[in-house]
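In listed order, ligands and their atoms are each counted from 1.
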Amino acid sequence: MATKPRIIFHIDMDSFYASVEIQRNPSLKGKPVIVGADPESGTGRGVVSTCSYEARRYGVRSGMPISKAYRLCRNGVYLPVNMPLYEKVSDKIEQILKRYADKVERVGIDEAFMDVTEKVKDYGDAKELALKVKDAIYIQEGLTCSIGIAPNKSVAKIASDFRKPDGLTIVEPSQVREFLNPLPVTKIVGVGKKTYDVLKRFGLETIGQVARYSKEDLAQIFGKFGIYLWEVANGIEYSEVQEPGEPKSFSLEHTFEKDTDDRNLIIETLQSQAENLYRQLANMQYQYRTVTLKIRFEDFETFTRSRSLPNHTYDKEAIMATAKTLLKEFESDPRKIRLVGLKVSDLRKTRHGAETIEKWL
Ligand code: TTP
Ligand code: MG
């Protein structure tokens, strides 16, 4: 079944710590603000955590010793890091984001992914939604952010960094390759100085060069990371937006004591698995959308078959009904069955407790 291409946002706050400081003390607005000063002396030791865009014009950058920043920008305002404050603001932003997407994955204090595939009908719609998110953050917290919109996480992440501050960069599926090709390979998450030095030795400095390089050779050089690089470079990276600790699926398997062709026994086993899975869903407060049946025959040949329902659902009976439909394909197979398994996946957190769900059924 063809699935709808995903629409992923990556949100990254602009000069985050510095912007929070300016928001709290508006007299700093328009000034070069450098966060990371030694709390005792105000300047001197320590490194720059971040700085306002005004300070960046002087060449000040994250990670630079404060002493160097001070030489570059003597009229800057140097402030100590106030982590509890930034964490509080970060939590509030997460709450705002959750209003606009089913899934929000925070990946750092000032960035997050959102999967809005189910919320919008196309990229035009996604743009409107992104503007709403930007407005909400600005109105509630007085902060600007940059958003990248793309069919996968890695491209969305690169896109949010493409135009900053207060940027919005949209890369539709058909534009992914042309967007990525000219960019330096260091734009890919995980490509630091060491990886870059190796890639350069192979003549790979742009993402396009990596995309056209052999996947096998990259795997030889970098192992699994090489495959990841190649996939990202080709715009075919499919990792999901994942809430922390969020399970991807619930599944159960049962190996029969003796291989069997007893249809009643098979159905009963699946029925008990379906009920058990439903209980797990209800307890953990998840809806599901996809049901997968696994069958292993006596000769160990194993099949999995999945079917997605039109919508996410709490429906207890649909687990078994779907399993039965999927089982039909194997009913004419003369081999005995060794194992059956059921899985529910494509999960979505619900707002209702298990008791509420029970009452509905
Ligand atoms: P970034 O998003 O990398 O930087 P930023 O938000 O300050 O600026 P930009 O507009 O370019 O996104 O990092 C987020 C926060 O993490 C940043 O505000 C401070 C902190 N940080 C450090 O403490 N040390 C560092 O070296 C970097 C890069 C960030
Ligand atoms: Mg940022």
Side-chain angles (χ1 to χ4, degrees), residues 8-25 28-39 42-70 72-73 76-94 96-97 104-114 130 133-134 136-138 140-150 153-169 183-184 186-196:
I8 309 292
F9 287 8
H10 181 260
I11 293 103
D12 190 297
M13 301 305 296
D14 300 322
S15 53
F16 186 53
Y17 297 1
S19 301
V20 173
E21 295 290 351
I22 294 164
Q23 161 61 16
R24 206 173 57 144
N25 177 2
L28 299 175
K29 212 170 172 165
K31 293 186 181 158
V33 173
I34 294 107
V35 180
D38 182 76
T43 59
R45 290 177 295 140
V47 294
V48 175
S49 286
T50 194
C51 59
S52 65
Y53 279 78
E54 286 81 0
R56 294 182 198 195
R57 277 187 218 125
Y58 292 82
V60 180
R61 293 287 180 272
S62 294
M64 180 181 276
I66 288 281
S67 53
K68 182 169 177 197
Y70 191 64
L72 291 169
C73 183
V77 179
Y78 290 80
L79 299 171
V81 176
N82 183 349
M83 268 332 270
L85 173 66
Y86 315 143
E87 277 163 4
K88 214 163 80 192
V89 177
S90 178
D91 288 348
K92 285 194 190 156
I93 292 164
E94 183 182 19
I96 296 173
L97 299 182
V104 175
E105 176 183 352
R106 245 166 109 158
V107 282
I109 190 157
D110 88 325
E111 51 178 312
F113 289 102
M114 291 162 71
V133 171
K134 282 163 81 74
I137 295 175
Y138 190 73
Q140 278 192 35
E141 299 302 324
L143 298 170
T144 63
C145 64
S146 299
I147 300 185
I149 306 179
K153 284 166 75 174
S154 48
V155 177
K157 164 104 181 158
I158 295 169
S160 74
D161 188 50
F162 192 69
R163 217 170 286 127
K164 251 185 170 293
D166 202 13
L168 175 57
T169 302
L183 297 176
T186 46
K187 293 282 175 193
I188 297 176
V189 181
V191 179
K193 191 174 166 353
K194 270 193 197 155
T195 310
Y196 176 64

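- The shortest contact between atom 6 (O) of ligand 1 and any protein heavy atom is with D110 OD2, 2.8 Å.
- Heavy-atom contacts of M13 reach the following atoms of ligand 1: 6 (O), 9 (P), 10 (O), 12 (O) (cutoff under 4.0 Å).
- Among the atoms of D12, an N, O or S atom falls under 2.8 Å from the Mg ion (ligand 2).
- On a distance-only criterion, K164 and ligand 1 share at least one N/O pair closer than 3.5 Å.
- The closest approach of D110 to the Mg ion (ligand 2), by N/O/S atoms, is made by OD2.
- The shortest N or O to N or O distance between I109 and ligand 1 is not under 3.5 Å.
- Between V48 and ligand 1, no N or O atom pair is found at a separation short of 3.5 Å.
- Here R56 has side-chain heavy atoms under 4.0 Å from ligand 1, and that is the only part of it that gets that close.
- For atom 27 (C) of ligand 1, the closest heavy atom belonging to the protein is S49 O, 3.7 Å.
- At least one heavy atom of S15 sits closer than 4.0 Å to an atom of ligand 1.
- Residues V189 and K157 meet the side-chain proximity criterion, which asks for heavy atoms closer than 4.5 Å.
- With 2.8 Å as the limit, S146 does not count as an N, O or S neighbour of the Mg ion (ligand 2).
- Atoms of ligand 1 lying under 4.0 Å from any heavy atom of F16, numbered from 1 in the order shown and given with element: 5 (P), 6 (O), 7 (O), 18 (O).
- With respect to atom 4 (O) of ligand 1, the closest heavy atom belonging to the protein is T50 OG1, 4.3 Å.
- Among protein heavy atoms, atom 18 (O) of ligand 1 sits closest to Y17 N, 3.1 Å.
- At a heavy-atom cutoff of 4.0 Å, ligand 1 is contacted by no atom of Y86, backbone or side chain.
- Checking R106 against S90 by side-chain atom types alone, a donor-acceptor pair falls below 3.5 Å.
- Nearest protein neighbour of atom 26 (O) of ligand 1, counting heavy atoms only, is S62 CB, 3.6 Å.
- F9 has its ring centre no less than 6.0 Å from the ring centre of F113.
- A side-chain contact (heavy atoms from CB on, under 4.5 Å) with L143 holds for exactly one of D166, D110, D14, V89; it is V89.
- At a threshold of 2.8 Å, the Mg ion (ligand 2) has no backbone or side-chain N, O or S atom of E111 nearer than that distance.
- Close approach of ligand 1 to Y53 (heavy-atom distance below 4.0 Å) involves ligand atoms 9 (P), 10 (O), 11 (O).
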